[in-house]
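What follows is one structure encoded as structure tokens, with my remarks underneath.
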Amino acid sequence: MNSFFSTNWSEMTLNDWIGTSVTVIIFLLMAGAYLYVFKKGNRERLEAHRFIIMNEDSSEKEGN
């Protein structure tokens with residue numbers, strides 16, 4: 001089982017390194033986004049934008 005999860009770092013190609021790096025960067029960005037959204041101090045700021053899509057749509061329909 002240990003050999004199944006082992007990695008030969010010296011044989012990784014440029015595409016392997018790019019894929020690994022992109023995966024780690026996206027994971028860190030998603031973790032940061034989750035922490036930002038679920039922080040109690042940001043609740044009021046985010047709740048103010050809760051219905052922004054519906055408000056923009058309704059204003060466009062009224063203007064036509």
Side-chain angles (χ1 to χ4, degrees):
M1 192 66 149
N2 192 17
S3 65
F4 182 74
F5 290 108
S6 66
T7 302
N8 190 352
W9 297 101
S10 62
E11 290 188 16
M12 288 180 66
T13 64
L14 179 62
N15 287 335
D16 295 333
W17 283 108
I18 291 171
T20 302
S21 301
V22 168
T23 302
V24 170
I25 289 169
I26 289 175
F27 172 78
L28 292 174
L29 289 173
M30 290 296 296
Y34 287 132
L35 290 174
Y36 175 75
V37 167
F38 291 119
K39 186 177 176 184
K40 289 184 180 184
N42 294 330
R43 181 180 177 125
E44 289 152 8
R45 184 181 317 144
L46 294 172
E47 285 289 329
H49 300 292
R50 185 176 186 174
F51 297 109
I52 193 167
I53 294 175
M54 290 182 270
N55 290 340
E56 287 180 4
D57 289 343
S58 63
S59 65
E60 288 177 7
K61 290 178 184 175
E62 292 172 1
N64 290 336

Using side-chain contact (heavy atoms from CB on, under 4.5 Å) as the criterion, list what pairs up with [X], not counting sequence neighbours.
X	answer
Glu44	none
Tyr34	Met30, Phe38
Thr23	none

Counting only pairs under 3.5 Å, give me each side-chain donor-acceptor contact of residues 12-20, with atom names and distances, residues two or more places apart or in other chains.
from  : atom 1 : to    : atom 2 : distance (Å)
Thr13 : OG1    : Asp16 : N      : 3.4
Thr13 : OG1    : Asp16 : OD2    : 3.2
Asp16 : OD2    : Thr13 : N      : 3.0
Thr20 : OG1    : Asp16 : O      : 2.8

Which side-chain N or O atoms in residues 1-11 pair as donor and acceptor under 3.5 Å with protein atoms at least two apart or in another chain?
from : atom 1 : to    : atom 2 : distance (Å)
Ser6 : OG     : Ser3  : O      : 2.9
Asn8 : OD1    : Ser10 : OG     : 2.9
Asn8 : ND2    : Glu11 : OE2    : 3.0

Item checked: Any donor-acceptor N/O pair, Asn42 side chain to Val37 backbone, under 3.5 Å ->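 Checked: no pair found.
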
Next item on the list: Verify the cluster assignment for Leu28 and Ile25: are they in a single hydrophobic cluster under the rule of side-chain heavy atoms below 4.5 Å apart?
Entry: no

